[in-house]
Amino acid sequence: MMVALDYVPPLCNPSGEIFCARISREGGGCLKTSAVYYRDNRCRKATVVDKDEKALISLCGYVSFGHELFFAKQENETRKIYFNYYR
């Protein structure tokens with residue numbers, strides 16, 4: 001999974017539980033918080049809880065291209081999605 005996250009993040013879309021368990025140093029438990037996979041101190045893939053755009057920006061510096069509309073849609077209030085970042 002980590003090789004896919006390093007080079008082609010959109011190809012890796014595991015369940016939230018699996019993503020959290022694999023990237024978390026504690027072995028899981030990030031389903032109720034934002035989760036970010038970093039490579040070379042840069043965001044590669046992230047997910048945020050409760051459409052917290054400010055949390056994503058504070059973690060990664062910006063919202064990845066194409067995902068701005070996710071935050072604009074009211075029906076996405078409780079939906080959790082992945083944000084992919086490229087080099």
Side-chain angles (χ1 to χ4, degrees):
M1 175 173 135
M2 297 308 183
V3 172
L5 284 174
D6 289 344
Y7 298 103
V8 198
L11 292 181
C12 186
N13 290 308
S15 70
E17 293 169 347
I18 292 171
F19 181 71
C20 288
R22 289 188 179 164
I23 68 164
S24 175
R25 290 183 176 92
E26 295 85 36
C30 66
L31 290 176
K32 295 183 180 181
T33 63
S34 300
V36 178
Y37 174 73
Y38 295 96
R39 173 70 176 187
D40 299 328
N41 294 321
R42 296 179 71 182
C43 288
R44 299 300 286 145
K45 191 171 202 85
T47 185
V48 293
V49 177
D50 297 330
K51 287 184 54 171
D52 193 349
E53 185 175 11
K54 290 179 182 178
L56 183 62
I57 291 170
S58 73
L59 292 167
C60 296
Y62 63 100
V63 176
S64 59
F65 179 74
H67 288 90
E68 303 87 1
L69 293 176
F70 172 77
F71 293 108
K73 292 183 180 178
Q74 188 172 4
E75 64 269 15
N76 290 334
E77 284 301 320
T78 58
R79 193 167 159 227
K80 190 172 181 179
I81 68 163
Y82 289 118
F83 297 88
N84 298 297
Y85 290 84
Y86 302 93
R87 295 179 184 209

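What's counted below: heavy atoms across the whole structure, side chains too, no hydrogens, waters or symmetry copies.
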*Flag yes if Val8 and Val3 sit in one hydrophobic cluster, no otherwise; membership is Ile, Leu, Val, Met, Phe, Trp, Tyr, and two members link when side-chain heavy atoms are under 4.5 Å apart.*
yes
*asked:* So does Ala35 get a backbone contact from the side chain of Thr47, meaning a donor-acceptor N/O pair under 3.5 Å?
replied: no
*Looking at residues at least two apart in the chain, or sitting in another chain, which of them share a side chain to side chain contact (heavy atoms under 4.5 Å, CB included) with Leu59?*
Ser34, Val36, Tyr38
*Identify, with sequence neighbours excluded, every residue that meets side chain to side chain contact (heavy atoms under 4.5 Å, CB included) alongside Ser15.*
Glu17, Ile18
_Please find the pair of heavy atoms, one from Asn84 and one from Pro10, that lie closest to each other, and give the distance._
OD1-N, 3.6 Å
_Six-ring centre of Tyr37, Lys45 cation under 6.0 angstrom, axis tolerance 45°_ = no
*Would you give the length of the straight line joining atom SG of Cys12 to atom CZ of Arg44, rounded to the nearest 0.5 angstrom?*
11.5 Å
*Candidate pair Val63 and Glu53, rule side chain to side chain contact (heavy atoms under 4.5 Å, CB included), full reasoning*: CA-CA 8 Å; Val63 176; Glu53 185 175 11; 3.7 Å; yes
_Residue list, ring-ring contact (aromatic ring centres under 6.0 Å, His included) with Tyr62, at least two apart or on another chain_ = Tyr85
